Amino acid sequence: MSLPPSPPVTFAIQVGVVGLPPCPASLRRPPQVSIDFPACWYELSGPYVGSAEIDTAHPSNPSDAGTPIVKPLFGYRVPPKGQLQIILKNQMGTALKLFLVPYDLCDMPFGSKTVLRVRYVTAANDPTSPSKASVKELTRYAVQVSFVTSPAMASSTQPVEPASADEGLFAMDLDSSPTPSPAPKPPKRQKPRVYLSGSIRLVFPSRSPDKDETLRCVRDEPGQGPAKYSPWTPQKKGGDSEHHSPHGSPVFEARRSHNKRRSLLGESSFSLDD
């Protein structure tokens, strides 16, 4: 039976990314960011559950303090293909866990969203099963990240260079009627920009795993191909509508935290609306 959440404990993550081709030079190793976040447990000796908000990130390197790394309404820009490196740290700055999240979003369309989840599980005996040989997988660590892409830009036409004076006179000699302007060239096709957005959700143990415990990495996605993307548009936070929303009630927040925990532990499926 789940207990009320424990008093929050502050942890931190350091987020970086390594870009893989095709990748702009500026995104091969962009500046890393750090995020402080609170985490709670819901069962005695149970795992910590926390959510780190991208919009509260700050540069990990003091020399990057004046560089705008996180774009409002979008997040932390990453290459379309690469590997996230997320280091979990305690209050003393000691590294507790390194999460590696490889991804390939080269086919991600404009104005869309997707999520990825990586879990580290271990096999353990199932005490609820009548068979002593029955085992089940327990999630020791989990991280879930959200990606979004920039919306499509309005198409613009390229300016047409005016004809030279000689060409204009020659055209007038041949025909006094006005010369039609050439058709504008279609705009060059561009790829959407990809951002690590929203929140990074984490589950990690409240104690160190046993030395003889073997962890296996499990990767979860909401689908394959176009099915793993959903439409997305940037929305400003705040506004009068939030003051009248039931989402701020304690009952709703407790239920949402419980659902997040079950989703990260692999006890329920996650949706693109999370």
Side-chain angles (χ1 to χ4, degrees), residues 8 10-39 50-118 141-153 190-204 229-230 232-239 272 274:
T10 301
F11 291 87
I13 55 173
Q14 183 175 325
V15 183
V17 62
V18 176
L20 300 176
C23 171
S26 60
L27 293 178
R28 290 176 183 172
R29 285 186 178 271
Q32 298 183 354
V33 295
S34 296
I35 309 172
D36 298 330
F37 69 97
S51 182
E53 303 299 325
I54 296 294
D55 56 7
T56 63
H58 56 86
S60 299
N61 191 339
S63 61
D64 298 323
T67 304
I69 298 178
V70 177
K71 184 177 181 180
L73 303 182
F74 290 87
Y76 174 58
R77 190 182 176 189
V78 297
K81 183 180 180 181
Q83 179 172 261
L84 289 176
Q85 299 176 347
I86 303 174
I87 304 176
L88 173 66
K89 299 181 179 181
N90 61 13
Q91 292 177 321
M92 303 299 294
T94 304
L96 303 177
K97 177 65 177 178
L98 170 63
F99 296 93
L100 298 177
V101 185
Y103 66 92
D104 185 354
L105 305 175
C106 292
D107 62 340
M108 194 170 180
F110 285 96
S112 57
K113 174 184 178 179
T114 191
V115 294
L116 295 176
R117 181 173 62 194
V118 173
Y141 299 91
V143 61
Q144 180 171 304
V145 295
S146 300
F147 295 94
V148 300
T149 53
S150 55
M153 301 293 292
Q190 296 180 350
K191 294 288 186 179
R193 293 185 173 184
V194 183
Y195 297 88
L196 183 66
S197 185
S199 59
I200 300 177
R201 302 175 183 175
L202 300 108
V203 169
F204 49 97
Y229 304 124
S230 67
W232 175 84
T233 54
Q235 296 180 354
K236 293 183 179 180
K237 293 185 177 181
L272 293 176
D274 287 348

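These values consider heavy atoms only, across backbone and side chains, with no hydrogens, waters or symmetry-generated copies. Quick caveat: nothing in here was measured; it's all calculated off a predicted structure.
- A distance of 10.0 Å separates CG in Leu98 from CG in Leu88, rounded to the nearest 0.5 Å.
- Taking all atoms of both residues into account, the shortest heavy-atom contact from Tyr76 to Gly16 is OH-CA, 4.1 Å.
- Here the side chains of Phe37 and Leu202 are in contact, with some heavy-atom distance below 4.5 Å.
- Rounded to the nearest 0.5 Å, atoms CG (Leu73) and OG1 (Thr233) are 10.5 Å apart.
- Expressed to the nearest 0.5 Å, how far NZ of Lys113 lies from CE of Met108 amounts to 9.5 Å.
- Taking NZ of Lys89 as the start and CZ of Phe11 as the end, the distance is 14.0 Å to the nearest 0.5 Å.
- Residue pairs satisfying the side-chain hydrogen bond (donor to acceptor under 3.5 Å, both in side chains) criterion with at least one member in residues 21-32, sequence neighbours excluded, are listed as follows: Gln14-Gln32.
- Proximity of a side-chain donor or acceptor of Thr149 to a complementary backbone N or O of Ser112 within less than 3.5 Å is detected.
- Using modelled atom types, one finds no donor on one side chain facing an acceptor on the other under 3.5 Å when comparing Ser146 with Ser197.
- Here the CG-CZ distance, from Leu84 to Phe147, works out to 4.5 Å after rounding to the nearest 0.5 Å.
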Check step by step if side-chain contact (heavy atoms from CB on, under 4.5 Å) holds for Val143 and Ile13. CA-CA 11 Å; Val143 61; Ile13 55 173; over 6 Å; no
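- When all heavy atoms are compared, the tightest approach of Pro22 to Cys106 is CD-SG, 4.3 Å.
- Within a 6.0 Å radius of NZ in Lys81, no more than 12 heavy atoms belonging to other residues, nucleotides or ligands are found.
- Relative ring orientation between Tyr141 and Phe99 is described as perpendicular, the plane-to-plane angle rising above 60° on a 0-90° scale split at 30° and 60°.
- Taking CG of Asp36 as the start and OG1 of Thr56 as the end, the distance is 7.5 Å to the nearest 0.5 Å.
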side-chain contact (heavy atoms from CB on, under 4.5 Å) for Arg77 and Lys71? Distances and angles first, verdict last. CA-CA 8 Å; Arg77 190 182 176 189; Lys71 184 177 181 180; over 6 Å; no
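- The shortest heavy-atom contact between Val70 and Ala57 is CG2-CB, 3.9 Å.
- Not a single donor-acceptor pair under 3.5 Å links the side chain of Ser199 to the backbone N or O of Glu53.
- In this structure, Phe74 and Trp232 have perpendicular ring planes: the angle between them is above 60°, well past the 30° mark.
- Contact record, Pro79 with Gly19: CG-CA, 3.4 Å, taken as the closest heavy-atom pair.
- Contact between Ile69 and Pro31 at its shortest, heavy atoms only, is CD1-CB, 3.6 Å.
- With a 4.5 Å cut-off on side-chain heavy atoms, Pro30 and Val17 count as touching.
- Here the shortest heavy-atom pairing between Ile35 and Ala52 reads CG2-CB, 3.8 Å.
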